Number of protein chains: 2
Amino acid sequence: MSGPTVHDVARTAQVSLATVDRVLNNRGGVSSKAEAKVKAAVAQTGYVRNLAAANLSRRRVYRFSFVVPSGDTGFVALLQAALERERDRLVEEQILIQIIPTHAFDVAGQVAALRNLDCDAVAIMASEAPEVQEEVSRLRASGVRVVTLVADLPQSDREAYVGLDNVAAGRTAAEFMGRFLGDSGEILMIAGSLSSRDHNERLMGFRRVMQERFQHLTLLPAVEGNDEARSVERLVSEASAIRPLVGIYAIGAGNKGLVRAVQKADAKPVTIVHELTPTSRQGLRDGTIDLVLDQDTSAAVVAAVRIMRDLTEGRDVPVDTGKIRLNIFSRENI
Amino acid sequence: MSGPTVHDVARTAQVSLATVDRVLNNRGGVSSKAEAKVKAAVAQTGYVRNLAAANLSRRRVYRFSFVVPSGDTGFVALLQAALERERDRLVEEQILIQIIPTHAFDVAGQVAALRNLDCDAVAIMASEAPEVQEEVSRLRASGVRVVTLVADLPQSDREAYVGLDNVAAGRTAAEFMGRFLGDSGEILMIAGSLSSRDHNERLMGFRRVMQERFQHLTLLPAVEGNDEARSVERLVSEASAIRPLVGIYAIGAGNKGLVRAVQKADAKPVTIVHELTPTSRQGLRDGTIDLVLDQDTSAAVVAAVRIMRDLTEGRDVPVDTGKIRLNIFSRENI
DNA sequence: AGTAAAATGATTGACGTACCTCAATTCAAT
DNA sequence: ATTGAATTGAGGTACGTCAATCATTTTACT
């Protein structure tokens, strides 16, 4: 009924159980001849290790941490929720998830959070600061597997990145912006922070496609909304006051302010924002927002866990596991 | 290290292990008082069953079948590939997947495939024919859990549907079509078969949004391409010959023919198709196709497996598990 | 040939749950 | 009080793998 076991492998390989074990868990001390025999037997019998038995036996408990910014609105709230949701599911697979909240731009706090971490692997969403990268190196050196989440730290020792291709996201935003807008006009781009990598990459992608394909549209200099509704609202209002905008690309958080400002504006610009939150969802419904580009937080969490598990298991991680698909939402498919 | 076990529950509940077992696996024959004690102890200790140990113990092997149309191009090929990919991962979780290929419109063959099925659950993608539905009932009656995949059989006894909301897909297609097209003109809709539910639902959604929001555009009567490149090509060519099309919504397969026809046409229509295949991907790249609406086959397989497992475990299936997100691909985000 | 090192075999005890049997106890109804 | 049924306890075995120990055989090198 159940498939072949190590015993079957041992029998067909004509070696002892101990040798099979040594090969399977490469403990060394096996002649190449015996190793070949075992491998042949594995292939012949079609043996696949029973993960349940394996985990049970070694009483493995995966301890994973998520060091992520806290907050009760916007994207980070979604991420938190996704984490909580997955947590329950994962407990019975012996995967314990610890969520360590930090503050969005508080580098010192992030470093502190990473400092006394006791786990097998960690997924971090933090600032691209040297101190953080240093801490990543330290973690890796102490045997902790590190994955970046949503915001990559490509210069660091992290072993994988889970999140969007932000350049592609920006390009996509530009494409739809361009196609929705027939005529010429001015477009406002609002980033959360001009010094954060993910926002910059989105900007870059957006700009590039605009230049390549939609030169009749004019890009205003990018502004910084600090991911806060207030300042976003003010920026949009101010820009609209000078002359009507035909398009707005909001790269970071603070969509509540954006919606307020757009609703007050004289002409309705084509508005593209990031992250499907209650606010942006409502914006889609009432027509204030035209498109929402979203990275699925659940998918991100699942992918992160999968990668962390593969890493701690010593398996090699399939490429693309960390690539989170860009979801595009319009009023018709929310 | 590892969490509380049944022993801990028994101890804190002040009952024997046997009673805990009886409650946990509701075998009956337990006084309500004892049951309450056990449940309280579970809550108090925070006991969660160790799935690995449980599965190991009962040497459970999930046997799932996928009865799906075969083919080496287009969507079905993607589905096959996704199945093969997932299969390897699932084996070591004791989930054995059998793929039973059928032919797309061959009802008799589909029924035959469903007839002598020996498994715990089955995911089927088949025609919405009474014979098939009857077979579903028979399967259910014999204890097999049934899930429909991609093409729903809502009238049948199936317990869940994994796939797109096809009406929403059609609506989304219409929205982008309408927004991409400023001027008026004629739009061609090509379904695979006008009698298949999923295609019909997409048509319906498309038509409705066109009528609601884009009345300046004219819809030609929907035509039937039989999911074949040849006939799709012919239909598009013929329609274009009469007068230039401004838009094409291709609902089914046969995109190779579509691409050929569009490339020969005088004016380039806005072209929206379904399913991200090598053909449609290439079409996006070279600009023949403007948008691809895709249902992620891997996600569908994963969701189907998850639901089948939950069903055979007797757990209730979270709503929305079967909802596959509509992926929207443009040339910038493939 | 002799010796050390390397390789292999044989065996055992967890891990946590499921499932079974058999005996012991409690309970309800006469 | 007696009987029969319902409930509870005690204990054991199995699942497949991991990880360890110790004895034994083979190999390599002088």
Side-chain angles (χ1 to χ4, degrees), chain A residues 1-42 45-62 91-96 312-315, chain B residues 1-42 45-62 91-96 312-315:
Chain A
M1 182 102 290
S2 197
T5 76
V6 275
H7 295 83
D8 301 316
V9 174
R11 194 161 354 96
T12 73
Q14 315 242 49
V15 298
S16 76
L17 215 55
T19 301
V20 172
D21 177 60
R22 288 190 258 257
V23 173
L24 255 35
N25 301 308
N26 36 264
R27 305 189 201 279
V30 179
S31 69
S32 50
K33 210 178 75 181
E35 188 178 334
K37 277 204 288 183
V38 170
K39 285 189 174 163
V42 167
T45 56
Y47 166 80
V48 202
R49 152 181 97 141
N50 183 328
L51 230 200
N55 286 342
L56 178 58
S57 164
R58 73 170 83 140
R59 87 195 94 166
R60 192 157 209 0
V61 179
Y62 300 94
V91 190
E92 65 171 22
E93 294 180 24
Q94 308 304 110
I95 298 178
L96 302 182
T312 58
E313 280 280 318
R315 282 189 287 203
Chain B
M1 180 103 291
S2 197
T5 75
V6 276
H7 296 83
D8 301 315
V9 174
R11 194 163 350 97
T12 73
Q14 314 241 49
V15 297
S16 75
L17 214 57
T19 301
V20 172
D21 177 59
R22 287 189 260 256
V23 173
L24 256 35
N25 301 307
N26 35 263
R27 304 187 203 280
V30 179
S31 68
S32 49
K33 210 178 72 182
E35 188 177 334
K37 278 204 288 184
V38 171
K39 286 188 173 163
V42 167
T45 57
Y47 167 79
V48 202
R49 158 179 91 141
N50 182 328
L51 231 199
N55 286 342
L56 177 59
S57 165
R58 73 169 83 136
R59 90 197 88 168
R60 189 151 202 18
V61 179
Y62 300 93
V91 190
E92 66 172 20
E93 296 180 24
Q94 308 304 110
I95 299 177
L96 303 181
T312 58
E313 280 280 319
R315 283 190 286 205

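Chain letters run A, B, ... following the sequence lines, proteins first, then strands; residues in each count from 1. This is a predicted model, so every value here is computed, not measured.
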Heavy-atom side-chain proximity of B:Glu313 to B:Asn55 below 4.5 angstrom: yes

Nearest-Å distance for atom pair NE2/P, residues A:His7 and C:dA10: 12 Å

Integer-rounded Å distance: C:dT8 C1' and A:Glu35 CD: 14 Å

Side chain of A:Val15 - closest among D:dA14, D:dG16, C:dG9: C:dG9

Whole-Å gap separating P (C:dA10) and CD (A:Gln14): 12 Å

B:Thr5 side chain near B:Asp8 side chain, heavy-atom distance below 4.5 Å: yes

Residue mapping more 5' on DNA chain C - nearest nucleotide basis, B:Leu24 or A:Gly29: A:Gly29

Phosphate OP1/OP2 of C:dT8 contacted by A:Ser16 side-chain N/O (<4.0 Å): no

From NE2 (B:His7) to OG1 (B:Thr12), nearest 0.5 Å: 13.0 Å

Pull out every protein N or O sitting under 3.5 Å from an N or O of nucleotides 20-30 of chain D, one pair per line with the distance.
none

Earlier contact from the 5' end, DNA chain D, for B:Ser31 and B:Leu56: B:Ser31

Spacing between A:Arg59 atom CZ and C:dA14 atom C1', to the nearest angstrom: 7 Å

Selection from D:dC18, D:dT17, C:dT17 that lies nearest to any side-chain heavy atom of B:Ser57: C:dT17

Selected nucleotide, minimal atom distance to A:Ala34 side chain, candidates D:dT8, C:dT8, D:dC18: C:dT8

B:Tyr62-B:Glu93 side chain donor-acceptor pair, cut-off 3.5 Å: no

Closest approach of A:Thr45 to A:Pro4 (non-hydrogen atoms, all atoms of both residues): O-CG, 3.3 Å

Gap between atoms CG and P, on A:Leu17 and D:dT17 respectively (whole Å): 9 Å

B:Gln94 CD - D:dG16 C1' separation (whole Å): 9 Å

Interatomic distance, B:Glu92 CD vs D:dC18 P [rounded to whole Å]: 10 Å

Sugar-phosphate only, base, or nothing, as touched by B:Asn55 at under 4.0 Å among non-hydrogen atoms: nothing

Closest contact, heavy atoms only, B:Val20 versus B:Val15: CG2-CG2, 3.7 Å

Shortest non-hydrogen contact from A:Gln94 toward A:Arg60: CB-O, 3.6 Å

A:Asn50 side-chain N/O to D:dT17 phosphate OP1/OP2 under 4.0 Å: no

Proximal nucleotide (of C:dT8, C:dA18, D:dT8) relative to the B:Val30 side chain: D:dT8

Rounded interatomic separation in angstrom, taking CG from A:Asn25 and P from D:dG16: 17 Å

